[in-house]
Structure formats: structure tokens, C-alpha cells
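Just so it is clear: chains get the letters A, B, ... in the order the sequence lines come, proteins before strands, and each one is counted from 1. When reading the values below, keep in mind they use all heavy atoms of this one structure, side chains included, and skip hydrogens, waters and symmetry mates.
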2 protein chains.
Amino acid sequence: MSRLLNGTSYVSSDAREAIEKAIAKVGYVQNTAARNLVTRRSRAVGFVVHEPHELFLDDPNIGAILLGANEVVSEADFQLVVLVLDSERDSQRVADYLQGGFVDGAVLVSARQHDTIAGAVERLGLPAVFIGHPPGHPTIPYVGIDNRSAARSVTEELLRTGRRRVAMVASALDRDSGSDRLAGFRDALGDRFDPRLVVDHPLYSYASGLDGARELLRRDPAIDGIFAASDAVAAGVLEALRQAGRSVPGDVGVVGFDDSAWAVRCVPALSTVRQPARLMGRRAAEIVLGQIQGAEVEPGGALLDTEVVWRASA
Amino acid sequence: MSRLLNGTSYVSSDAREAIEKAIAKVGYVQNTAARNLVTRRSRAVGFVVHEPHELFLDDPNIGAILLGANEVVSEADFQLVVLVLDSERDSQRVADYLQGGFVDGAVLVSARQHDTIAGAVERLGLPAVFIGHPPGHPTIPYVGIDNRSAARSVTEELLRTGRRRVAMVASALDRDSGSDRLAGFRDALGDRFDPRLVVDHPLYSYASGLDGARELLRRDPAIDGIFAASDAVAAGVLEALRQAGRSVPGDVGVVGFDDSAWAVRCVPALSTVRQPARLMGRRAAEIVLGQIQGAEVEPGGALLDTEVVWRASA
DNA sequence: TTGTACGCGTTATCAG
DNA sequence: CTGATAACGCGTACAA
């Protein structure tokens, strides 16, 4: 029967018929656990997402990355299984899950430094790839974007429109994306960089933008440009400016980052940086599948191109 | 060793020490597939999401439901695994996955009629619960909200503010949520219901709202109230009204549905219906876990309470 | 083309 | 308290 189901050998047509009849009668289904046990593979790939509290709700990129990864994994006839980490307890359980042979590889999204999961994956030698680039795990490849140069580009664009006092609401400085965006902002400003015109909040969120912009206006009411570390943050900035009676882009130019669903729905529509999120998901999946099929792990990263999208907010 | 790891029996302390040393040395990890094979349980629960194209990106409810379910499942020390359906091909593979013993139960989100997954689950007798209420699967319990009476309430509220010509942009009429919201709208209007003042689009999306409101204005420029089938739709409606030069809530009152992240960020902020999404996720998980632990399946549904949230758009 | 052992890593049972 | 051993359901290699 194994031979019939897997097409691994020739089977006579009356034997086939008999088997198929029996299957239909009993409602037989293959037991995958048993199969995995003997084949030592699961034909599944994990997609591990950290800290969804705000992330899942606010960050549309993660959905697009997920969809991209799912496409590729699905085309290879593997099953993508998403694992969400919402507590320290989850961490341990997910690590066990990954180690237990449920998956042949994993895509790790928004991991942080000193990561339980990344550590376990590395120790086990499980095929894996990061989205983004948490430090401290040199053996695991990653796919991401060049946050620093993208941030620099969009800030330069803002300066080019004639803004003189440009500030930034930074976020998530404990992640590479956050600190790189700040670095790019600094690059663009060069000598004109003024640390007093930077505030930072831990989360890429609307609330961060709202608070951040208020604080910036308090520090320097003459600000005429703001770079927000993400579109969600930028949306908060816009609201703070509106409440403060500043017009956008008249009084203040605002740029965001991500080109998320928000960007076009803000009033005015946001100038921002487009991330190829879906493509990142695809690429990450390809890398993991490659490793599973025995390809050499090329350490280091694949950096995808971004694009500045200029709309009405600056 | 099994006894040590699972604490199933007493083990002498020197035996324990020897084992622990060996484990550390070899880097031993339990193989879950083998364990599942003999115990016939996986300590995992599936969370199946259909049609994420727009849904995952636009609908924040699904994220909140997911988080709620994850909390409960995690507290029971089970692993929640999310499976995304993006194509017909995915359907078959996910059905196989569910049948293959990878999970002990499943939460089915936004399933539709004649559903491959629901059919497979039902045939297999796998513990399961729907979020929402797709017709045709009487044996599977569900948790949801009373879309019809909630839609009625919010429409009535709109009428109470003095609106005379009230229209609706309906969505997803092939799902119970969509058709029930339309029914509730109709209930509220009673004799005044005019089918010409209803347009429908397949997806709960911004674009649906944009197109829908334009069409409505074409049909009757004197419209002074619009009920949008979701907040995303309402956001599109708002934009269409802005482009048409109508003020909100001055010329037209607008109400949405979901109380999603959008609602407070629209200008003006949206009056809408609050769904207890996180609680729905929790309740669904509780029901599935109950079944897994041998509780009787109570067919039928658990309907959670909604609340009309009145803001600035009407 | 088909039948038949064997082994995958674990748990559970039963004597010691 | 401990050691041995039979399943669990499947793929596979080898013999018929």
C-alpha cells in the first residue's frame, strides 16, 4: 500500500482498485507522525514571529512577508506553520517544537539578540534564516533591506525640499532595523545632526509617534521636518501635528518608512520607503528550502532594494 | 530515561545524574514524532486562516483572535500552529496536515461554505470550532457575535441622529457575517428600506468602500448616512465622501463595524461596533481544548456581546 | 509485480 | 525502584 500511495513502485491495477476501495471504506488516512519517524523529515517549515502584541496588529509588513513565504513553501509542497511568541513560556515551547522534528527548517522573524529560539536552532543545526539581522548569530543567514541607506535616502529627500530643522522619532533601537534607520538619518544630516532633535520609543507604533512628536515640538517648536521610523509612527506624528495646529506639508514635512497600508490612508498621504516585504518572504523561504535540500549555507545576508515613494506629506 | 524526562516515576539520584550528564554530552533532544506515534497526541492545536490576501493585511481582528487563542492554548501548555490558506493547493495540503496527527484539534477562522478543511475535519471527527458560522457543518460548534443585531443597533443609532436617507456598503455576502450585517441594516430600516441604497462588494476592504460610496452617490446624491460593513470599508467611504466634497459628519454620517485600529485614526474618528476579538479567540481555544480533554461537544454557537462605540463620524 | 521482515525513537507494561 | 521488551504506523530493502 505504501507503494501505491507514494507511487514508489509499480502496482497492478486490480491490486490498486482493491486498496482504493478499502481506503474509501475505512476512511483511512496516513499517519504523518509515523512517516516522519521513519523518513526523518516532516515536509514542514516553521515561521516564527516574536512579540505580536503590537506587531501583528500594527505592522502589515509581517503579513506580506508571511504570504510571500507561504507561496514559495507551498509551491515546493511543504507546509508552512506559523508559531507566535507572546510570552517567555511560549519561547521554551516553540524551541521544543522546533527541535522535536515537527519542521525541517524555520524562518525567524523579528528575532532579538540573545534569543532562545535562535540559540536552539543554531545548536541543533536546523536549517534557518532570519528576516532582519539580529546580532550574535553569525551562522544563520538573513534577508533584509539596507535600512541605513534607505533612511538616509528618504531623509536627504526631505532636506532637498528645503527643510532646515529636521527631527526624528526613532523606534526599536534594540533591533537592527531601528538603530540602522537612526544611523541613516544621522548620515544624511552630517554636521547638522542635533541629538536633541531625536526622540526614541521602544515600539513602532502610533502611540510612539504621537508622544514623540509632542516631545519634539516641546524641545523645538521651529521644527519643519520629521522622519518617523515607520508609517505607524508617522501616522501618530501627523495626529500630533494636527493637534498642535501645524499644517502638513506646509509647516512641517513628514516622511515614514514601510509603505504600509497606512501610507495612502493618512491625510495627507505619506511619503515613505517601500519595503519589498512579499519578496523578502519569498527569498527567505527559498533560502531555507535550499538548505533543507542540502545546499551549502552561505553565511551573511541578502539585502533587497528599497524605493522612496514620494506622496503628499513632504 | 523516559521516566526521568517525564517525571512519570521515581528515579534514583545517581541514575538521574548519569542520564543528565549523557544528555548534556550528546546534545540529546526528544523526538516528538516518535512520542506522538505512541501517545497518539501532539499537544498542538491548529489555527486555520482562509484567504489572507486582503484579510491578513487589512483585518486586525484576526490578529487579535489569534492572540487570544494563543494565550489560552499556551496556558494549557499546548502549541498553537497557524496554517494559512492562500490557494486551492494549500487547502488539500492543510487538510492532510490536520488529518496526519500533527494537531489534536483546530480553530477554523473565516471558513466558507463547502469547505475542504471543514469537511475533512468533520469526517475525521477532529475536535474543532469555527470563528463565525459557515453553513453546512452542524456538528462543529462555533463562536461569534450576533452580527445581525449589532448591525441593527448601529444603524438605529444612525437613524436616531436624524439621518433620513441611509445607505449601506455591504461586503462578503457569501459569508454569514456579511449577510447578517445586511439583514440587521434592513431590520433597522423596516419599511424605509430601499434596495437601491445598498451596494455590495466581495471583500471587506478600503477599495470596496471607495467604490461603493461613489456608486451610492451616483445613485442618490442626497444620501445623508452610510453604514459600512467594516471599518476598512468605512475608511474608503470617508475618502470617497471627501473627494466628493461632502463633509462628515455634517453632510453625511458614517458608521463602521469592528472597532479596529483604523477606527480611531480615521478623520473623523469612526463610530462603529466593537467586536470582542481577543475574547472570541480565547473562547474558541477553550472549546477546542475542552473537546480534546474529552468534554461533550455542544453543537451550536456561543455568541459574544458587542458594543456600539460612538465617536465623531456620525 | 508482490510479500515480508526490520527499524525509526518513544512510551507503557511487566517482571525483577 | 529498575531493566527489558512489545507495540505505535509507516517506508524500504530484500527475497520470492
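Looking at S171(A), its side chain does come within 3.5 Å of a backbone N or O of L203(A) through a donor-acceptor pair.
Boundaries of the chain A contact region on DNA chain D are dG9(D) to dA13(D), first to last in 5' to 3' order (nucleotide atom under 4.0 Å from a heavy atom).
Pairs of residues two or more places apart, or lying in two chains, that qualify as ring pair (Phe, Tyr, Trp, His ring centres under 6.0 Å) and include a residue from residues 86-111 of chain A are Y97(A)-F102(A).
Residue contacts for S12(A): at a heavy-atom cut-off of 4.0 Å it reaches the sugar-phosphate backbone alone, with no base atom in range.
In this structure, the CG atom of D96(A) is 16 Å from the C1' atom of dG9(C), given to the nearest Å. Remark: C1' of dT10(C) and CZ of R40(A) are 13 Å apart, rounded to the nearest angstrom. The CD-C1' distance, from Q99(A) to dT10(C), rounds to 17 Å in whole Å. Between the CZ atom of R16(A) and the P atom of dT2(C) there is a distance of 10 Å, given to the nearest Å.
When the shell of 6.0 Å around CD of E298(A) is examined, it contains 12 or fewer heavy atoms from other residues, nucleotides or ligands. In this structure, N6(A) places its CG atom where more than 12 heavy-atom neighbours from other residues, nucleotides or ligands lie under 6.0 Å away. More than 12 heavy atoms of other residues, nucleotides or ligands shown are found within 6.0 angstrom of CD on E20(A).
Between R93(A) and D96(A) there is no salt bridge, since none of the side-chain N atoms of the basic residue sits less than 4.0 Å from a carboxylate O of the acidic one.
Near DNA chain C, meaning a heavy atom under 4.0 Å away, the residues from residues 27-37 of chain A are L37(A).
Between N6(A) and V38(B), the residue anchored nearer the 5' end of DNA chain D, judged by the nucleotide with its closest heavy atom, is V38(B).
Contact of R3(A) with dG3(C) (side chain to base): a donor-acceptor pair of N or O atoms is detected under 3.5 Å.
Using a 4.5 Å cut-off on side-chain heavy atoms (C-beta onward), V82(A) and F47(B) make no contact.
Looking at S230(A) and D258(A), their side chains never bring a donor and an acceptor atom within 3.5 Å of each other.
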